[in-house]
Amino acid sequence: MKFSQSFIYTSKEAPSDAVLPSHIYLVRGGFIQSVGAGLYNFLPLGKKVLDKVRAIAKEELDKAGCQEVDLAFVTPSELWRESGRFEKYGKELLRFKDRKNAEFVLGPTHEEMMVNLVRQYVKSYKQLPINLYQIKTKFRDEIRPRFGLMRGREFLMKDGYSFHKDEADMIENGFKKMEATYSRIFKRLGLDFRIVEADSGAIGGSGSKEFMVLAESGEDTIVVCDSCDYGANIEAATRATPKAPHELDSEYEKPEMTFGKFLTPDIKTIEALAEFFKIDPYYTLKVVAKKALYDDGVAKVVLFGIRGSDQLQEVKACNAVDANELIDVEDEELESLGLTPGFMGPKGLPENTLFIADNLLKGESSTIAGANEKDYHYVGLNLNDLDLVYKDIVEVKEGDSCPKCSGKLKYTKGIEVGHIFQLGTRYSEPLKAEFLDENGKSQPFVMGTYGIGISRLLAAIIEQNHDEKGCIWTKTTAPFDLEIIVSNIKKEQELEAGEQLYKELKEKGVDVLLDDRKERFGFKMSDFELIGIPYAIIVGKKIGDGVVEIVNRRTLEKEEIALESVVPKIMEYLA
RNA sequence: CGGAGUGUAGCGCAGUCUGGUAGCGCACCUGGUUUGGGACCAGGGGGUCGAAGGUUCGAGUCCUUUCACUCCGACCA
């Protein structure tokens with residue numbers, strides 16, 4: 001492609017609302033253009049990159065035995081009602097009616113469509129397993145789209161679904177296979193990523209993993225171990241059981257407590273409580289009140305009890321009570337239920353109060369907790385005397401010990417670019433997608449589902465690969481393999497040599513961008529750096545001596561080389 | 001949805017308080033000089049001032065209504 005004839009327009013000005021490097025450079029470099037909240041046009045450069053990413057994904061998926069389909073974007077709402085998601089999905093699901101007043105939705109994901117497709121054809125275990133996928137535009141009417149391609153409303157996603165006769169087969173021939181396939185895809189894209197354990201939501205089970213591209217600007221906090229490969233989303237991270245302060249430090253004595261009710265006027269926080277009794281917050285019990293929301297507007301106040309030294313992990317807590325969502329509760333509402341904010345504890349609660357205790361409190365025979373009475377706490381409370389429900393609801397902290405090895409855990413930021421999920425029969429059951437097993441018995445398909453944010457990957461690649469001058473595309477994702485910069489097109493010798501190289505390299509199958517614009521050298525260099533093509537050949541002043549230069553975009557190093565050896569040299573670099 | 005803000009040339013903005021010929025930078029067109037790190041000079045084209053209604057001799061500016069977008073908090077690939 002000749003730059004002078006291309007539809008490539010770079011800009012010196014960044015969009016005023018852009019904060020992320022990926023957003024700024026993709027817009028400035030002429031890859032994408034914003035057309036509305038969370039909506040983007042892909043311009044030629046952006047489209048080329050998008051196609052490359054998509055092609056790599058497709059290649060690896062096909063190699064793994066997956067088959068590509070392309071399901072309708074506009075889907076009848078009927079199917080969504082059948083699965084129960086029409087109401088539940090909420091406002092993110094864009095609904096509309098056609099001229100006959102029939103209801104449709106724009107597909108935000110395609111479980112329903114895919115299950116519907118498969119149940120019509122697959123009737124026997126002999127047809128299993130199968131793995132179908134598509135790379136398709138999705139629409140989710142996000143509450144707050146932002147960060148450019150990172151969170152659009154319309155976006156390109158690869159969504160895959162596998163169907164199996166039983167769970168073992170799903171894990172072996174679906175989940176694990178996809179984990180390996182996804183790893184290959186992200187590796188080929190040149191990304192530094194980490195596979196982490198993820199929240200599997202209300203569906204339960206341990207079968208959910210996310211592929212995180214490590215980048216400062218990531219929206220997800222992930223917990224990683226400094227000495228093994230353990231990694232988990234903060235929403236799902238676990239830790240080795242922490243030691244009590246008196247176990248860690250022999251100087252520190254375990255507080256002696258005899259059971260009793262103590263007057264603790266105005267001591268409403270854990271800090272104040274620990275200070276009051278001169279003990280580590282570890283030996284206290286903290287209660288966090290939340291309101292759990294369920295289907296059809298049902299809401300219930302829940303109390304979560306954790307050690308004073310811990311923080312509540314809301315997603316874990318939400319799953320612990322099978323709620324759709326947890327929201328904050330006002331003190332007035334707690335009081336109306338007979339609760340005393342600031343002095344709540346597991347003992348002496350009003351009847352029918354739902355109380356969930358953290359696993360770490362199991363067996364605790366002597367702690368300090370609110371007495372459910374204004375200005376009073378119990379000291380030396382034995383939880384074994386109470387009938388409590390225990391779940392894992394705490395947030396892992398930096399410095400906690402790894403659950404797999406003895407390493408230390410730390411936080412890092414990641415961009416979620418892939419998610420694989422053991423679905424089980426979550427959709428096949430309500431949609432009555434069944435087959436006959438070896439015994440002639442009807443069984444619902446056991447499913448897995450697998451997603452890759454294709455358009456988000458463009459942003460993720462740039463978040464991980466950029467400098468203060470612009471994009472630095474990886475070899476496999478760059479919009480062009482190589483750029484040839486003719487320093488001054490008015491110098492016939494430069495232009496001719498540039499065009500000659502261009503022709504020669506194109507014949508060798510190299511995708512070259514020839515910058516033959518009537519611009520000054522600095523202008524063209526800046527554009528090269530902004531667009532981020534891996535290498536450029538500069539044809540300039542020294543052409544008279546038969547010398548050109550090769551620039552490496554990542555290192556910005558320039559290397560002089562004889563004109564006649566530049567083609568083999570660049571072929572070597574691009575290999 | 002809650003809070004804050006912005007809509008003026010393709011892009012980025014000033015002008016609005018205090019009503020009186022619609023401006024600046026970038027980009028674009030013409031000519032010339034320049035040419036290894038985003039050049040310079042001269043000339044030029046381009047606007048229903050987000051939309052609708054109102055006040056006024058006169059509205060980008062004041063009033064009412066409305067739409068869109070952005071930013072900060074709960075969802076997600």
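Residue numbering restarts at 1 for every chain, and letters A, B, ... go by the order of the sequence lines.
Comparing the P positions of C40(B) and G3(B) gives an interatomic distance of 48 Å, to the nearest angstrom. Nucleotides A74(B) and U55(B) are separated by 44 Å at their C1' atoms, to the nearest Å. Only the P atoms considered, A14(B) is 16 Å distant from C24(B), to the nearest whole Å. For the C1' atoms, the distance from G73(B) to U61(B) is 35 Å, rounded to whole Å. Rounded to whole Å, the separation between the C1' atoms of C62(B) and G15(B) comes to 16 Å. Comparing A4(B) with C49(B), their P atoms sit 29 Å apart, to the nearest whole Å. Only the P atoms considered, G32(B) is 47 Å distant from C17(B), to the nearest whole Å. With both ends at atom C1', the span from U65(B) to A22(B) equals 26 Å, rounded to whole Å.
Checking U56(B) for Watson-Crick or G-U wobble geometry (two distances, each under 3.5 Å) identifies no partner in any strand. Under the Watson-Crick or G-U wobble criterion, with both distances below 3.5 Å, G31(B) is paired with C41(B). Look at C24(B): its Watson-Crick or wobble partner, with both distances under 3.5 angstrom, is G12(B). Pairing for C49(B) is absent, judged as Watson-Crick or G-U wobble with the two contacts each under 3.5 Å. Across all strands shown, A77(B) forms no Watson-Crick or G-U wobble pair with both distances under 3.5 Å. For G5(B), the paired base is C69(B) (Watson-Crick or G-U wobble, both distances below 3.5 Å). Base pairing of U18(B) is not made with any nucleotide, judged by Watson-Crick or G-U wobble geometry with both donor-acceptor distances under 3.5 Å.
Looking at the side chain of Ser526(A), the nearest of the listed nucleotides C76(B), C69(B), G37(B) is G37(B). Side-chain proximity of Thr10(A) to the nucleotides G38(B), G37(B), C75(B) is greatest for G38(B).
A salt bridge (charged side-chain N to carboxylate O under 4.0 Å, His left out) with Lys316(A) is found for exactly one of Asp358(A), Asp310(A), Asp392(A), namely Asp392(A).
The minimum heavy-atom distance linking Ile531(A) with Pro479(A) is given by the pair CG2-CG, 4.3 Å.
Distance Arg151(A) CZ to C71(B) P: 12 Å, rounded to the nearest Å. Atom pair Tyr450(A):OH and C76(B):P shows a separation of 20 Å (rounding to whole Å applied). When rounded to the nearest whole Å, the span between CG of Leu93(A) and C1' of C75(B) equals 14 Å. Atom-to-atom, CD1 of Ile195(A) to C1' of A77(B) comes out at 16 Å; the value is rounded to the nearest Å. The CZ-P distance, from Arg28(A) to G12(B), rounds to 14 Å in whole Å. Protein atom CD of Glu314(A) is 8 Å distant from nucleotide atom P of C75(B), rounded to whole Å. A straight line from OH of Tyr40(A) to P of U70(B) spans 8 Å, rounded to a whole angstrom. Taking atom CG of Asp515(A) as the reference point, atom C1' of G37(B) lies 13 Å away to the nearest angstrom.
Asp159(A) comes within 4.0 angstrom of no nucleic acid atom, judged by non-hydrogen atoms across all strands. Note on Met525(A): a base of the nucleic acid sits closer than 4.0 angstrom, heavy atoms only. Looking at heavy-atom distances under 4.0 Å, Gly160(A) makes no contact with the nucleic acid at all. Residue contacts shown for Glu235(A) are absent, as no nucleic acid heavy atom lies under 4.0 Å away.
For the OP1/OP2 pair of G73(B) and a distance below 4.0 Å, the side-chain nitrogens and oxygens of Arg146(A) include at least one atom meeting the criterion.
Within the 4.5 Å cutoff, the side chain of Leu514(A) has heavy atoms near those of the Glu499(A) side chain.
A salt bridge links Asp467(A) with Arg553(A): the distance from a Lys NZ or Arg NE/NH1/NH2 to an Asp or Glu carboxylate oxygen falls below 4.0 Å.
Atom NZ of Lys63(A) has more than 12 heavy atoms from other residues, nucleotides or ligands within 6.0 Å.
Using modelled atom types, one finds a donor on one side chain and an acceptor on the other under 3.5 Å when comparing Tyr182(A) with Lys158(A). Side chains of Ser22(A) and Glu463(A): a donor on one and an acceptor on the other come within 3.5 Å. For the 3.5 Å distance criterion, the side chains of Ser83(A) and Tyr427(A) fail to qualify, holding no donor opposite an acceptor.
Less than 6.0 angstrom separates the ring centroid of Phe7(A) from the ring centroid of Tyr9(A).
Of the residues near RNA chain B, Pro15(A) and Glu210(A), the one whose nearest nucleotide (by heavy atom distance) lies more toward the 5' end is Pro15(A). Taking the nucleotide of RNA chain B with the nearest heavy atom to each of Ser11(A) and Arg140(A), the more 5' of the two is matched to Ser11(A).
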Task: Contact letters for nucleotides 23-36 of chain B, in which S counts primed atoms plus P, OP1 and OP2 and B counts the base, heavy atoms under 4.0 Å - done: --B--------BBB
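Checking side-chain atoms of Arg153(A) against main-chain N and O of Ala37(A) turns up a donor-acceptor pair under 3.5 Å.
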